[in-house]
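So the structure is just underneath, and the comments pick up after that.
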There are 2 protein chains.
Amino acid sequence: MTRLPPDEAASLLERFRRHLRDRRLPVTRQRLAVAGAVFAADDHPSVLELSRRLLAGGDEVGTATLYRTLQLLVETGLVRERDFGEGYARYEPAAEGHDHLICQRCGLVVEFSGDRVERMLRVTADEHHFLYRRHHLEVHGLCRTCRGRDLDTPTAGDR
Amino acid sequence: MTRLPPDEAASLLERFRRHLRDRRLPVTRQRLAVAGAVFAADDHPSVLELSRRLLAGGDEVGTATLYRTLQLLVETGLVRERDFGEGYARYEPAAEGHDHLICQRCGLVVEFSGDRVERMLRVTADEHHFLYRRHHLEVHGLCRTCRGRDLDTPTAGDR
DNA sequence: TTACGTGCAAAGGCTTTGCAGTCGG
DNA sequence: CCGACTGCAAAGCCTTTGCACGTAA
């Protein structure tokens, strides 16, 4: 996943502040820190990983607050929650439309643009008299390094 | 989701038996019961729900065994595990080839052939040096009857 | 000042694991 | 017979919740 350009990350942070102000919710150090950490990510950090990064950045945030803030961010639509079937959630800035290739063997996650897929799905939706809004897509397979090996060993990837 | 035709369910069960035999794994009452319960489903039952159905059908199966058997079935590729972000897993027969259009307002689910999407994804996977194995796709939008109405009411669709 | 946020610790809920007993092949 | 399976109960793990204290506005 590509890291958000600094200005875009800043803009998302600003939108978060506005959202809080509009609802008369306190703008706290923790909330800004959590939002900033997610917007700065170039991957899909888990809660634990976010906690580590915040700590490393000198912004310690309690676990409960971290969870509560992420929930808030997801509700505002600024952050997206992803589930790769690992038993815990991952988070990413809700910037763009991309989908994921997931290696069934080693768990590697690679992103690709969802544009082509989306164009096709708009047509498909229309054929079924649906108005396309959004889609969720995961492609499971074997990455470059794993595809060379024995192909029918049970995999851990699917969960 | 549509229930599997009886013959197809039977065929999946047979494939499961063969898989077990091939690996010299015991074919037990519990394993057949669990597999049968999943293949007979016309929805996406959770572990708890499967447990209930098995019990109702006179096939009590311990929780641990249920989890272990489902894992086995997923590894064989005969059953698919789904995560709707509810905090627990759901299961369905892996009778493939269908994706879903889901109405964000009324919940209507319409299946459509995943062939076109799959062809595209094979190419995409290849571009990223992945070997395509399978995909999971949901398209969220508004169905024919709902699309006429107010379009920006918050939806429950995402998690 | 006051409502809401925060952190800790405990509780929750789903899933996995250890182990003694059982059974399929 | 032996290796694998079962079931129970306990442990694990991620996430949520209760509560006393702190803080943005």
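Bear in mind that the values here come from a model prediction, so they are computed numbers and not experimental data. The sequence lines fix the lettering, A, B, ..., with proteins before strands; numbering per chain opens at 1.
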Rounded distance (nearest 0.5 Å) linking atom CG of A/L32 with atom CZ of A/F16: 7.0 Å
side-chain hydrogen bond (donor to acceptor under 3.5 Å, both in side chains) partners of B/R53, counting only residues at least two apart: B/D43, B/E49
Residues which pass side-chain hydrogen bond (donor to acceptor under 3.5 Å, both in side chains) with B/R18, listed by chain and number, not counting sequence neighbours: none
In whole Å, what is the span from the [atom1] atom of [X] to the [atom2] atom of [N]?
X	N	atom1	atom2	answer
A/L70	C/dT6	CG	P	12 Å
B/Y88	D/dC14	OH	C1'	17 Å
B/L32	C/dC23	CG	P	16 Å
A/L54	C/dT6	CG	C1'	14 Å
B/R23	D/dG3	CZ	C1'	17 Å
B/L20	D/dA4	CG	P	14 Å
A/L66	C/dT6	CG	C1'	12 Å
B/R52	C/dC14	CZ	C1'	14 Å

B/R24 or B/L48, whichever maps to the more 5' nucleotide of DNA chain C: B/L48
Angle by which the axis turns from one end of the helix from C/dT1-D/dA25 to C/dG25-D/dC1 to the other, five pairs per end, to 10 degrees: 40°
Verify same cluster id: A/L25, A/L66 (apolar side-chain graph, 4.5 Å): yes
Shared hydrophobic cluster, A/V27 / A/V38 (ILVMFWY, side-chain heavy atoms < 4.5 Å): yes
Heavy-atom check, side chain of A/V139 versus side chain of A/F112, under 4.5 Å: yes
Which protein N or O atoms sit under 3.5 Å from an N or O of nucleotides 21-25 of chain D?
residue: D/dA25; atom: OP1; partner: A/V27; partner atom: N; Å: 3.4

Under the ring-ring contact (aromatic ring centres under 6.0 Å, His included) test, residues paired with A/H100 that sit two or more places apart: A/H44, A/F84, A/H98
Worked verdict on A/E111 versus A/R82 for salt bridge (charged side-chain N to carboxylate O under 4.0 Å, His left out): CA-CA 13 Å; A/E111 291 186 355; A/R82 297 271 183 183; over 6 Å; no
Ring geometry between B/H135 and B/Y132 (parallel below 30°, tilted from 30 to 60°, perpendicular above 60°): tilted
Atom pairs, protein N/O to nucleotides 17-19 of chain D N/O, distance under 3.5 Å:
none

Salt bridge (charged side-chain N to carboxylate O under 4.0 Å, His left out) between B/E127 and A/R116, intermediate numbers included: CA-CA 14 Å; B/E127 289 170 356; A/R116 277 193 299 186; 3.2 Å; yes
B/L121/A/L137 under side-chain contact (heavy atoms from CB on, under 4.5 Å): CA gap, chis, key distance, verdict: CA-CA 10 Å; B/L121 293 179; A/L137 169 65; 3.9 Å; yes
